[in-house]
Number of protein chains: 2
Amino acid sequence: MFRALADPNRRELLDRLHHRNGQTLAALCAGLAMSRQAVTKHLGILEGAHLVTTRREGREKLHFINPVPIYAIADRWIGKFERSRLAALADLKRTLEGDEHG
Amino acid sequence: MFRALADPNRRELLDRLHHRNGQTLAALCAGLAMSRQAVTKHLGILEGAHLVTTRREGREKLHFINPVPIYAIADRWIGKFERSRLAALADLKRTLEGDEHG
DNA sequence: TTGACATGCAACCTTTTGGTTGCATAATAG
DNA sequence: CTATTATGCAACCAAAAGGTTGCATGTCAA
């Protein structure tokens, strides 16, 4: 999954999906300095990493972001290196932000 | 930084540094199916991504892990996609694990 | 100084990655 | 059916990543 996130173009695609979920391939291509096929490949890699899921809608293919793997990885890596320190930070942060997790 | 974490060997090196911090290059090489120079390159990339810092100690170079960028990135990406949902999850998880964050 | 140890630098090679072009297939519009 | 739109597949290409070998530099021990 780190490999999938390693490319700026793929992160851009995730950004776009985050901005508006369920976009078609053509929509995701718009404005990118890249061919449609290149975008297809990137989306394929993101899908392979379970960061994006798709649904066929007639002749269109809709793409949806899936944040779960990001959480899983972050949990593992943060947990590994920073569990307690970070928990305290996150705790503090939520407190400062109004304790909206209840 | 995602690029730096994208390689399994580099993650292995971080694992080793997490297990025992401040190791020399030679120590980090031990048992890896890789030449010393390959490890040097990987450590250089990790250092470039600020995931590892070094200190010269005579003829040895000690390597130290730096978890801050991992936290920064995780914060940005998790915050971006899952801030509130994740806070709830993490909270639940800590609760289930015995609420050891206090 | 000499020898051994620890690391640094540079050239070179192979595989993977990211990208392109061209053609094929599938579905909607007329 | 035909034309158009939306996507899929495959071959091909250039650049980058990962790795190796060989040699250079710097440090400690005797």
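Throughout, a chain's letter reflects where its sequence line sits, starting with A, and its residues are numbered from 1.
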> Would you call T54(A) and E47(A) a side-chain contact if the rule is heavy atoms closer than 4.5 Å?
yes
> Linking Ile, Leu, Val, Met, Phe, Trp and Tyr through side-chain heavy atoms less than 4.5 Å apart, which residues share a cluster with L62(A)?
F64(A)
> How far apart are the closest heavy atoms of A4(B) and L51(B), and which atoms are they?
CB-CD1, 3.9 Å
> Give every residue pair that meets the side-chain hydrogen bond (donor to acceptor under 3.5 Å, both in side chains) criterion with at least one member in residues 22-32 of chain A, sequence neighbours excluded.
none
> Between the two ends of the helix from dT1(C)-dA30(D) to dG30(C)-dC1(D), what is the bend in degrees, rounded to 10 degrees, where each end axis spans five pairs?
20°
> I'd like a list of close polar pairs between nucleotides 28-30 of chain D and the protein, N/O only, cut-off under 3.5 Å.
none

> Given 3.5 Å as the limit, does a donor-acceptor pair link the side chain of R10(B) with the main chain of L5(B), or not?
no
> Output every pair passing salt bridge (Lys or Arg N to Asp or Glu O under 4.0 Å) with a member in residues 24-33 of chain B, not counting sequence neighbours, ordered by first then second residue.
none
> Nucleotides 19-22 of chain D: which of its N/O atoms have a protein N/O under 3.5 Å away?
{"residue": "dG19(D)", "atom": "OP1", "partner": "N9(B)", "partner atom": "ND2", "Å": "2.7"}
{"residue": "dG19(D)", "atom": "OP2", "partner": "H42(B)", "partner atom": "NE2", "Å": "2.2"}
{"residue": "dG19(D)", "atom": "N7", "partner": "K41(B)", "partner atom": "NZ", "Å": "2.9"}
{"residue": "dG19(D)", "atom": "O6", "partner": "K41(B)", "partner atom": "NZ", "Å": "2.5"}
{"residue": "dT20(D)", "atom": "OP2", "partner": "S35(B)", "partner atom": "N", "Å": "2.8"}
{"residue": "dT20(D)", "atom": "OP2", "partner": "S35(B)", "partner atom": "OG", "Å": "2.7"}
{"residue": "dG22(D)", "atom": "O6", "partner": "Q37(B)", "partner atom": "NE2", "Å": "3.2"}

> So, does R56(A) get its side chain near the phosphate of dT25(C), meaning an N or O under 4.0 Å from OP1 or OP2?
no
> Rounding to a whole Å, what distance do you find between R3(A):CZ and dT15(C):C1'?
11 Å
> Decide yes or no for L32(A) and L13(A): does some side-chain heavy atom of the first lie under 4.5 Å from some side-chain heavy atom of the second?
yes
> How long is the line joining NZ of K61(A) and C1' of dG8(D), in whole Å?
9 Å
> Would you mind listing the cluster partners of I45(B)? Hydrophobic ones only (ILVMFWY), side-chain contacts under 4.5 Å, chaining allowed.
none
> Who are the salt bridge (charged side-chain N to carboxylate O under 4.0 Å, His left out) partners of R16(B), not counting sequence neighbours?
E12(B)
> Restricting to pairs with a member in residues 18-45 of chain A, which pass salt bridge (Lys or Arg N to Asp or Glu O under 4.0 Å), not counting sequence neighbours?
none
> Within the pair R10(B) and dG18(D), is there a side-chain N or O less than 4.0 Å away from OP1 or OP2?
yes
> How many whole angstroms separate atom CZ of R11(B) from atom P of dA17(D)?
16 Å
> Check the distance between dG8(C)'s C1' and E47(B)'s CD and give it to me in whole angstrom.
13 Å
> Apply salt bridge (charged side-chain N to carboxylate O under 4.0 Å, His left out) to R3(B) and list each qualifying residue two or more places apart in sequence or on a separate chain.
none
> In whole angstrom, give the distance that lies between atom CG of L43(B) and atom C1' of dA6(C).
14 Å
> Any residue in residues 19-28 of chain A with a heavy atom nearer than 4.0 angstrom to DNA chain D? Just list them by number, or reply none.
T24(A), L25(A), A26(A)
> Which residues pass the side chain to side chain donor-acceptor pair (under 3.5 Å) test with E60(B), not counting sequence neighbours?
none
> Would you say the side chain of L14(A) lies within less than 4.5 Å of the side chain of V52(A), judging by non-hydrogen atoms?
yes
